[in-house]
Undergrad: 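Okay, here's the structure, questions in a sec.
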Amino acid sequence: MNLKEAFIQYFVEHGHVEIPSAPLIPENDPTVLFNTAGMQPLIPYLLGEPHPKGKRLCDAQKCVRLTDLESIGDKTHHTFFEMLGNWSLGDYFKKESIHYSFLFLTQVLNIPVERLAVTVFEGNDIIPRDEVSAQIWQSLGIPKERIAYLGVEDNFWIAGESGPCGGDTEIFYFRSNDKIPKEFDPQDDRWVEIWNNVFMEFNKDENGKITELSQKNVDTGMGLERVVAILEGVDDNYKSSIWQEIIASIEKISNKPYTGNEISMRIIADHIRTSVFISADPAGIKPSNTDQGYILRRLIRRAIRHAKKLGVDTNCDWMEPIAKEVIKKYENYYEEIKKNQEVVLEVLKNENDKFNRTLEKGLKEFDKLLTHLSGNIIDKDSAFKLYDTYGFPIELTEEMATEHHLKIDLEGFYEKFRAHQELSRTASKGKFKGGLMGHSEIEIKYHTATHLLNAALKVVIGPDVHQKGSNINESRMRFDFSCDHKLSDEEKSKVEDLVNQWIQEDLPVSMKVMKKENAIKIGAEAMFIDKYADEVNVYQIGDVSLEICGGPHVEHTAVLGHFKIIKEEASSAGVRRIKAILE
Ligand code: SER
């Protein structure tokens with residue numbers, strides 16, 4: 001039995017119900033790119049809504065984390081991974097949770113206690129030091145010297161800026177043949193974290209205020225790839241059984257051994273696996289220039305370039321055998337992989353064909369550029385030409401530049417990028433309109449109206465109003481926002497009037513691509529900041545609204561017509577819902 005099966009079986013035997021992984025791309029939430037943790041789809045239930053399957057759940061959740069994108073190529077990072085988790089929704093708490101984890105590790109996986117150490121939360125002004133967990137660990141045979149107390153940075157867990165949260169206890173494994181030191185030092189990287197048990201008993205609101213939840217929950221997460229590698233005694237995740245056939249197929253197609261070619265092979269393996277999962281997801285993502293589609297494009301194109309580095313003839317459908325290994329590996333666990341395999345292979349093939357037409361010339365252009373370069377900066381025009389004419393995602397050019405110890409004039413690049421985007425918009429050429437495809441004109445209008453409504457609510461109700469969700473179709477928009485009371489008729493008409501005023505003022509809508517940190521610094525509104533890629537689109541409407549958003553939007557507000565609220569109701573505790581139309 002493999003780790004995933006053993007984990008699920010263990011928790012099912014202990015009264016948990018196995019739930020299927022939620023889709024990789026969250027439904028009904030255009031502001032979030034991917035699920036990044038097992039708990040994400042469970043947020044409403046951690047906040048108190050009853051889960052239809054009960055209070056004890058377990059699963060393997062598909063996750064994509066883009067913060068690690070740059071690290072891919074090393075031994076331990078992956079863009080896609082599976083997170084094993086068990087949950088108590090207001091049922092058991094610290095004692096049972098720690099017991100379950102300890103017994104699973106030591107009795108099912110047979111990990112010797114000597115190889116384990118833990119961290120617990122040292123406490124702060126609001127939450128006391130977690131002596132309870134420390135005591136439980138000691139009672140199970142983890143000695144005092146193997147328990148470290150750490151602060152908020154390490155042992156307090158929250159997804160993003162607000163939501164359910166709590167102190168956690170993390171379990172570490174000594175991954176080395178060296179003699180195990182008596183005392184646990186969390187800084188010593190021979191100790192690797194394998195499991196995180198979060199005791200979610202608080203909610204943090206948008207102002208940073210922490211209140212107790214109505215129920216005490218447990219949320220645990222164990223990275224499958226890492227633990228499999230540990231159990232199999234390999235110090236490189238890509239040498240574990242999870243990757244064996246995938247790497248073997250890359251060795252075959254490149255006619256080169258893994259040893260000596262690790263970086264490119266890991267990048268190809270990781271990126272093709274993630275691309276298979278993204279394109280198989282029910283959201284139907286295709287490579288494009290925006291949002292998840294752009295991530296998919298970047299992953300596939302980076303894999304193609306590394307295949308070329310390995311000497312693979314990329315003129316053929318070289319990705320297919322590798323993708324088929326991925327499909328074979330996961331089709332029994334994830335039905336969308338089985339169901340959508342034709343689509344996946346088609347996506348990979350089409351993107352390969354597309355990039356291949358320009359790749360060779362682009363690489364030549366890059367080499368030529370190197371010979372003419374004075375200094376160590378690639379100018380904006382060259383970077384833009386690689387992007388525009390040869391289809392090189394800017395991140396790919398950056399990676400190639402780094403390999404030659406060069407930098408790119410990124411600011412200049414983005415300036416050109418934006419100018420070009422404006423141009424092609426007005427010319428309606430469709431070149432940069434990836435994001436516009438699949439959205440009807442009226443949906444685009446609703447999308448912009450959403451931003452105006454968000455801004456108007458802040459003016460009328462107060463600055464603490466934040467978006468909690470939205471949903472748009474051809475006939476109406478729905479907008480959920482934090483607010484502790486039912487809107488009065490007066491408030492509703494003020495909001496309507498303000499939105500209509502801004503529409504009449506025909507405010508311009510503009511977009512800037514910037515680093516996430518900078519977007520936050522300038523005060524851009526964002527729903528789930530952790531879930532965006534490092535570079536984000538920030539949309540500005542006149543001087544009334546600034547939001548991180550994938551788009552698309554109208555160019556001027558006057559085209560929206562007339563805005564009308566048709567319903568205002570409760571959505572969940574502390575969250576109100578407005579339905580509105582444009583007429
Ligand atoms: N939410 C926690 C994590 O992602 C535990 O599942 O680590």
Side-chain angles (χ1 to χ4, degrees), residues 3-4 7-8 10-11 16 18-22 24 26 32-47 51 55-68 76-94 96-98 100-102 104-105 118-121 127 130 133 150-173 186 191-204 210 213 215-228 230 528-532:
L3 174 61
K4 184 157 44 179
F7 182 92
I8 300 292
Y10 176 83
F11 282 98
H16 295 67
E18 181 185 3
I19 53 170
S21 170
L24 201 48
V32 177
L33 289 182
F34 299 104
N35 253 315
T36 57
M39 55 75 73
Q40 231 147 41
L42 294 171
I43 290 177
Y45 310 105
L46 293 162
L47 292 174
H51 192 284
K55 293 181 166 184
R56 293 176 173 223
L57 308 173
C58 62
D59 74 0
Q61 170 66 41
K62 295 171 289 181
C63 301
V64 164
R65 285 193 186 170
L66 298 169
T67 38
D68 291 335
T76 54
H77 283 94
H78 315 291
T79 46
F80 168 91
F81 64 98
E82 292 174 276
M83 192 184 279
L84 301 173
N86 61 287
W87 286 273
S88 155
L89 302 171
D91 191 36
Y92 59 81
F93 204 46
K94 294 183 180 175
E96 291 87 337
S97 167
I98 292 175
Y100 287 144
S101 295
F102 182 81
F104 179 70
L105 294 172
V118 300
T119 58
V120 296
F121 185 43
I127 306 160
D130 192 3
S133 295
L150 299 177
V152 175
E153 289 287 301
D154 297 287
N155 282 64
F156 190 86
W157 206 92
I158 184 162
E161 298 294 310
S162 62
C165 53
D168 64 23
T169 179
E170 298 186 0
I171 309 172
F172 288 71
Y173 173 89
W191 290 101
V192 290
E193 187 211 323
I194 54 173
W195 204 344
N196 182 10
N197 294 24
V198 186
F199 303 121
M200 292 200 157
E201 49 184 328
F202 302 105
N203 184 47
K204 187 173 178 189
I210 294 209
L213 285 172
Q215 63 185 37
K216 289 185 188 305
N217 308 289
V218 174
D219 150 40
T220 90
M222 179 197 266
L224 180 76
E225 284 70 8
R226 183 183 289 182
V227 177
V228 166
I230 283 172
F528 290 113
I529 195 62
D530 267 12
K531 290 161 211 159
Y532 299 109

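A quick note: this is a predicted structure, and the numbers were derived from the prediction, not measured. By convention here, the first residue in the shown sequence is residue 1. Atoms within each ligand, like the ligands themselves, are counted from 1 in listed order.
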Undergrad: Aromatic ring centroids of Tyr92 and His16 under 6.0 Å?
TA: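 Ring centres of His16 and Tyr92 closer than 6.0 Å.
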Undergrad: Do ligand 1 and Met83 have nitrogen or oxygen atoms that lie under 3.5 Å from each other?
TA: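 It does not: no N or O of Met83 is found under 3.5 Å from an N or O of ligand 1.
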Undergrad: Please list, in number order, the atoms of ligand 1 under 4.0 Å from a heavy atom of Arg65.
TA: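 The atoms of ligand 1 under 4.0 Å from a heavy atom of Arg65 are 4 (O).
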Undergrad: Show me which atoms of ligand 1 lie under 4.0 Å from any heavy atom of Val198.
TA: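 Listed by number with element, the hits are 2 (C), 5 (C).
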Undergrad: Output the list of atoms in ligand 1 that are nearer than 4.0 Å to some heavy atom of Ala37, sorted by atom number.
TA: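 Close to Ala37: 4 (O).
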Undergrad: Can you list the ligand 1 atoms lying under 4.0 Å from a non-hydrogen atom of Met39?
TA: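 Heavy-atom distances to Met39 below 4.0 Å select 1 (N).
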Undergrad: Between Asp59 and Ser21, do the side chains contain a donor N or O and an acceptor N or O under 3.5 Å apart?
TA: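 Their side chains do not contain a donor-acceptor pair, so the 3.5 Å distance test is not met.
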Undergrad: Judged by modelled atom types alone, do Trp87 and Thr220 share a side-chain donor-acceptor pair under 3.5 Å?
TA: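 Their side chains do not contain a donor-acceptor pair, so the 3.5 Å distance test is not met.
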Undergrad: What atoms of ligand 1 come within less than 4.0 Å of a heavy atom belonging to Gly221?
TA: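 Numbered from 1, ligand 1 contributes 5 (C), 6 (O).
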Undergrad: Closest non-hydrogen protein atom to atom 1 (N) of ligand 1, residue and atom name please, with distance?
TA: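 Looking only at protein heavy atoms, the one closest to atom 1 (N) of ligand 1 is Asp219 OD2, 2.7 Å.
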Undergrad: Testing the 3.5 Å rule here: is there a donor-acceptor pair between the side chains of Asp168 and Trp157?
TA: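 Not at all, the side chains of Asp168 and Trp157 share no donor-acceptor pair under 3.5 Å.
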Undergrad: Which of the atoms of ligand 1 are close to Trp157, meaning less than 4.0 Å from one of its heavy atoms?
TA: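 That gives atoms 1 (N), 2 (C), 3 (C), 4 (O), 7 (O) of ligand 1.
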Undergrad: Give the atom numbers and elements of ligand 1 that come within less than 4.0 Å of a heavy atom of Thr220.
TA: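 In order of numbering, the contacting atoms are 5 (C), 6 (O).
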Undergrad: Could you check whether Glu82 pairs with Lys4 (Lys NZ or Arg NE/NH1/NH2 to Asp/Glu carboxylate O, under 4.0 Å)?
TA: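 Answer for the salt bridge query: yes.
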Undergrad: Are the ring centres of Tyr100 and Phe104 closer than 6.0 Å?
TA: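 Distance test on ring centres: not under 6.0 Å, no.
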Undergrad: Measure the distance from atom 7 (O) of ligand 1 to every protein heavy atom, then report the residue, atom name and distance (to 0.1 Å) of the closest one.
TA: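 Ranked first by proximity to atom 7 (O) of ligand 1 is Asn196 ND2, 3.2 Å.
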Undergrad: Yes or no on side-chain contact (heavy atoms from CB on, under 4.5 Å) for Asn217 and Tyr45, after CA distance, side-chain angles and deciding distance?
TA: CA-CA 9 Å; Asn217 308 289; Tyr45 310 105; over 6 Å; no
